[in-house]
Amino acid sequence: MEDRKLTVRAVERALDILGCFTKASDLGLTEIAAEIGLHKSTVHRLLTTLEERGFVVRDPATEKYRLGLKVWELSTHMSHSDDPAVLLLPQMERLRDRLGETVSLYLRDGIERLRIQAVQSNQAIRRVAPVGARLPLYVGASSKVLVAYSGDEVLQAVLDSPDWPPTVDRAAYVAQLEEIREHGYATSYEEREPGASAVSAPIFDRTGKLAAALSVSGPVSRLTLQRLEEYGPILVEAAREMGLMMEPIR
């Protein structure tokens with residue numbers, strides 16, 4: 001039993017190391033050790049194993065690590081016809097071309113949202129949305145959409161989060177969720193990031209279950225409060241059409 005615990009712990013630590021690369025593409029040993037809270041010697045042993053298996057690569061010039069080809073090899077098997085990041089990409093591109101702003105697709109993972117796809121704006125000044133980014137659920141248009149349509153259990157978990165910012169009033173937040181369910185979309189204006197605004201709508205699969213959140217974001221100079229409200233119904237219709245394409249979430 002003790003050997004099993006040690007083995008599982010090693011797997012958890014190795015996965016924690018791979019998770020560090022969602023925040024940066026190149027990381028040094030010291031940076032990784034600090035991020036996951038382990039001694040450098042332990043991290044070095046795990047990195048050596050991951051490197052041998054092709055999950056990370058070390059640059060001999062900088063001595064920094066990056067993800068290896070094995071991760072890419074695994075990711076190619078995710079691109080099936082029912083993968084929303086692949087399935088909905090053409091529709092996201094058309095929406096980007098229509099509105100001229102960055103379009104993103106989010107899934108809820110616990111009390112975080114994960115950006116699984118993004119189509120960047122072609123504007124010179126734009127909001128860049130990196131795929132794979134994790135963001136909290138207590139702020140932002142897409143976050144509010146995912147909470148508003150996920151049920152009381154998710155809402156309570158978000159409200160109880162130790163990371164809840166003291167500047168965000170819980171009662172006002174809950175009231176916003178009611179408005180989102182009434183109007184069918186959410187907006188945010190410099191909520192999470194100064195100078196940026198967004199509008200988001202829920203995507204439901206063909207059984208009516210929440211599948212994802214569709215978002216359009218950009219600089220406040222273009223995505224004004226008035227423009228957000230104008231784009232809201234457009235996103236609702238785009239999300240409805242996307243939902244008809246999606247198989248029920250398993």
Notebook entry, point to check: Pick from Asp59, Leu27, Val57, Leu47: which one makes a side-chain contact (heavy atoms from CB on, under 4.5 Å) with Tyr65?
Noted result: Leu47

Margin query: For Leu69, is the CG atom crowded, meaning more than 12 foreign heavy atoms sit under 6.0 Å from it?
Written below: no

Note to self: Regarding Ser25 and Arg66, do their side chains bring together a donor and an acceptor under 3.5 Å, going by distance alone?
What the structure shows: no

Hey, can you pull the donor-acceptor pairs under 3.5 Å for the side chains in residues 168-183, sequence neighbours left out?
residue	atom	partner	partner atom	Å
Asp169	OD2	Ala171	N	3.2
Asp169	OD2	Ala172	N	2.7
Arg170	NE	Leu159	O	3.0
Arg170	NH2	Leu159	O	3.1
Tyr173	OH	Leu137	O	3.0
Glu178	OE2	Arg181	NH2	3.0
Arg181	NH1	Ala148	O	2.6
His183	ND1	Glu179	O	2.9

Margin query: So does Pro60 get a backbone contact from the side chain of Glu63, meaning a donor-acceptor N/O pair under 3.5 Å?
Written below: no

Margin query: Would you compute the distance between atom CG of Leu88 and atom CE of Met245 and round it to the nearest 0.5 angstrom?
Written below: 5.5 Å

Below 3.5 Å, can you tabulate the donor-acceptor pairs from side chains in residues 92-99 to any protein atom, sequence neighbours excluded?
residue	atom	partner	partner atom	Å
Arg96	NH1	Gln120	O	2.8

Checklist line | Donor + acceptor pair across side chains of Tyr185, Glu229 (<3.5 Å) | finding: yes

Next item on the list: Could you tell me the separation between the OG atom of Ser142 and the CG atom of Leu214, rounded to the nearest 0.5 Å?
Entry: 8.0 Å

Next item on the list: Measure the CZ-CG distance between Arg13 and Leu46 for me, rounded to the nearest 0.5 Å.
Entry: 7.5 Å

Margin query: Between Thr102 and Ser121 (side chain of the first, backbone of the second, donor and acceptor by atom type, cut-off under 3.5 Å), is there such a pair?
Written below: yes

Next item on the list: For residues Arg134 and Arg113, determine if any side-chain heavy atom of one lies less than 4.5 Å from a side-chain heavy atom of the other.
Entry: no

Notebook entry, point to check: Roughly how far, to the nearest 0.5 Å, is the CG atom of Leu67 from the CG atom of Asp26?
Noted result: 9.0 Å

Margin query: Counting C-beta onward and ignoring hydrogens, is there a side-chain heavy-atom pair between Val139 and Ser188 closer than 4.5 Å?
Written below: no

Check: Would a hydrophobic clustering, with Ile, Leu, Val, Met, Phe, Trp and Tyr connected at side-chain separations under 4.5 Å, put Leu38 with Ile17?
Finding: yes

Checklist line | Cationic tip of Arg115 above Tyr106 ring, under 6.0 Å, 45° of axis | finding: no

Next item on the list: Report yes if the side chains of Asp163 and Pro136 come closer than 4.5 Å at any heavy-atom pair, otherwise no.
Entry: no

Checklist line | Minimum side-chain heavy-atom gap Ile32-Phe21 below 4.5 Å | finding: yes

Next item on the list: Could you tell me whether the side chains of Gln156 and Asp160 share a donor-acceptor contact shorter than 3.5 Å?
Entry: yes

Check: Between Val158 and Tyr138, is any pair of side-chain heavy atoms under 4.5 Å apart?
Finding: yes

Checklist line | Exam field: side chain Glu191 to backbone Gly140, donor-acceptor pair closer than 3.5 Å | finding: yes

Item checked: Val154 side chain reached by Arg108 side chain, heavy atoms, under 4.5 Å -> yes

Notebook entry, point to check: Is there a path of hydrophobic side-chain contacts, each under 4.5 Å between heavy atoms of I, L, V, M, F, W or Y residues, that connects Val199 with Leu225?
Noted result: yes

Next item on the list: Please check if Tyr189 and Leu235 belong to a single hydrophobic cluster, counting links between Ile, Leu, Val, Met, Phe, Trp and Tyr side chain heavy atoms closer than 4.5 Å.
Entry: yes

